[in-house]
Amino acid sequence: MDPTYPPEAQVYREKVQAFLAEHLPPDWAGIGALDRDDAVAFTSQWRNTLRDNGFLATSWPEAYGGSGLTALEQVILAEELQRAGVPAGGMNDVFSIQMVGNTILQWGTDEQKRHFIPRILSGEDVWCQGYSEPGAGSDLGNVGCRAALDGDEWVINGQKIWTSAGHLANWIFVLTRTDPDAPKHKGITFLLCPMDQPGVEVRPIEMISGDSEFNEVFFTDARCPKENVVGEVNGGWAVAMTLLGYERGEAAATFPLMFRTELDRLVALAQERGATDDPVVRQGLARAHTQVELLRYLGLRSLTQFLGGHQPGPEASTFKLAWSEHHRRVTELAIDVLGADAMVPSGRWPASSFQTDDPGAPNDSASWVGTFYNARAGTIYAGSSEIQRNIIGEIVLGLPKEPRGADPGSWREQQGGRS
Ligand SMILES: Cc1cc2nc3c(=O)[nH]c(=O)nc-3n(C[C@H](O)[C@H](O)[C@H](O)COP(=O)(O)OP(=O)(O)OC[C@H]3O[C@@H](n4cnc5c(N)ncnc54)[C@H](O)[C@@H]3O)c2cc1C
């Protein structure tokens, strides 16, 4: 691990800081200080500002409209945006740019790159992720949503679930079962499907907070063109795994900063409420401080690799496990500090269901109760804690693998021959 940046980092950092000073209001306190509607409006306009100044899709080659930043510049930019409390893109860009855009650039045909990449940047196409199903989450290879060729089109039938921001998207990338008679990981195809058609129905799922940020998506004879396959027909598993690598890749630079800001807010909350004399709270805060420092060092280790030109490997699981378990514990501590007030939360709720509340958010009880709910989801999405522990045990530490039974046969046989 090398915890220092080379001298050119400072030059680029000052360039980003000058851009932020020019484009943010002088009294800017972070997006969390805006009310929800204003935050949504700001995010959409800010995305355009980032794009027009070459700060969106920063890893993409300039030939495809990206800004072709070096790995070091990408990291510095992400850090400065995080420090300034502004988003690094639009609401769905984690799916549009980070996941499917990167995947199309790696696996797509020239025609797919020419067609889809500019439309992602312009915001004309907004994407969501159609991976999970009621019977396929941790065991993603079990997907049963079917696709079959009918002339020049794929016809899709089945269901996806937990589709984050699916109600805001007009395209979905779907893992489909195209050969049920092959072993389960070998009969999967990665399709790009327009959602604006009668065969695609999006049903919101209401969460414990009352918000609906994710959805069920039902496909009933939905159609997409034959050429909307990414990678090989029945070779979608490799494409799906590439995409998940992008899902886990970017947090190393920004999460330690984000969790430090959150811990500072929690200390302020404990001070406001006179809880810092309580030895149990003090112990919890000290533990949280230690965890945030560990995250910082884990992040620096990943960054050293990234800056050296390597993509994060299975050890990214250590980071995912560490941040998500830390976040659960630290938000439980916040609930302890709030005491009975946590039962009647008031004030501003977090605007998003992911990770911490936004920088600049008021230290309201609703902010902490909402973040406490979100933290539970963090140990499930992008691979649950149990799955991360399996990866760490089996792949990073080389411990004996879970016993596997006899050859399970084809996907159809595993379903009892019914599907
Ligand atoms: C907030 C949120 C947003 C999401 N957004 C999306 C999205 O946009 N698109 C999408 O496709 N999906 C999305 N997901 C779904 C997510 O990927 C799945 O929830 C996750 O993969 C777990 O799958 P599951 O819910 O089916 O649980 P299951 O796989 O059924 O797991 C149930 C429990 O069993 C444990 N378990 C399972 N297998 C093992 C094993 N081999 N060893 C030990 N323990 C095991 C799990 O850890 C878990 O505790 C989202 C989920 C959440 C919470």
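For ligands, and for the atoms within them, numbers begin at 1 and follow the listed sequence. The analysis underlying the following values was restricted to heavy atoms, covering all of them including side chains, and did not include hydrogens, waters or symmetry mates. This structure is a prediction, so every number in the text was calculated from the model and none was measured.
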Tell me: protein heavy atom nearest atom 8 (O) of ligand 1, and distance?
Ser164 N, 2.9 Å
Protein contact for atom 30 (O) of ligand 1 (heavy atom, distance under 4.0 Å):
no
Numbering as shown, the atoms of ligand 1 that approach Ser384 to under 4.0 Å (heavy-atom distance):
46 (C), 47 (O)
Please report which non-hydrogen protein atom sits nearest to atom 51 (C) of ligand 1, along with the residue it belongs to and the distance in Å to one decimal place.
Tyr381 CB, 3.7 Å
Shortest protein heavy-atom distance from atom 26 (O) of ligand 1, along with the residue and atom involved
Gly137 CA, 3.3 Å
Give me the ring orientation class for His23 and Phe19: parallel if the planes are under 30° apart, tilted from 30 to 60°, perpendicular past 60°.
tilted
Heavy-atom gap Glu402 to ligand 1 smaller than 4.0 Å
yes
Among side-chain atoms of His327 and Arg376, is any donor-acceptor pair under 3.5 angstrom?
no
Applying side chain to side chain donor-acceptor pair (under 3.5 Å) to Thr220 and not counting sequence neighbours gives none
Could you go through the side-chain hydrogen bond (donor to acceptor under 3.5 Å, both in side chains) check for Asp179 and Trp411 one step at a time?
CA-CA 8 Å; Asp179 184 357; Trp411 179 80; over 6 Å; no
Roughly how far apart are Ile104 CD1 and Phe116 CZ, rounded to 0.5 Å?
6.0 Å
Test item: protein heavy atom less than 4.0 Å from atom 33 (C) of ligand 1:
no
Would you please classify the geometry between the Phe190 ring and the Tyr131 ring as parallel, tilted or perpendicular, with 30° and 60° separating the classes?
perpendicular
Could you tell me, atom by atom, which parts of ligand 1 come under 4.0 Å of a heavy atom of Tyr131?
11 (O)
Closest candidate by heavy atom, reference atom 49 (O) of ligand 1, pool Glu133, Met207, Glu386:
Glu386
Tell me, which protein residue and heavy-atom name are nearest atom 39 (C) of ligand 1, and how many Å apart are they?
Ile387 CD1, 3.7 Å
Kindly give the heavy-atom pair with the smallest separation between Pro204 and Ser212, and that separation in Å.
CB-CB, 3.9 Å
How far is atom 19 (O) of ligand 1 from the closest protein heavy atom, and which atom is that?
Ile380 CG2, 3.5 Å
Quick one: nearest non-hydrogen protein atom to atom 16 (C) of ligand 1, plus distance?
Ser132 OG, 3.7 Å
Minimum-distance protein heavy atom relative to atom 50 (C) of ligand 1
Trp162 CB, 3.6 Å
Assess the residue pair Asp196 and Trp171 against the criterion (side-chain hydrogen bond (donor to acceptor under 3.5 Å, both in side chains)); give the C-alpha distance rounded to whole Å, side-chain angles, the decisive distance to 0.1 Å, and a yes or no.
CA-CA 8 Å; Asp196 186 13; Trp171 281 82; over 6 Å; no
Ring-face cation of Lys320 near Trp323 (centre distance under 6.0 Å, axis angle within 45°):
yes
Regarding ligand 1, does Asp139 bring an N or O atom to under 3.5 Å of one of the ligand's N or O atoms?
no
What's the shortest heavy-atom distance between Lys160 and Val143, and which atoms?
NZ-CG1, 3.7 Å
Among all protein non-hydrogen atoms, which one is nearest to atom 28 (P) of ligand 1, and what is the separation to 0.1 Å?
Ser138 OG, 3.7 Å
May I ask you to list the atoms of ligand 1 that are less than 4.0 angstrom from any heavy atom of Asn390?
40 (C), 41 (N), 42 (N), 43 (C)
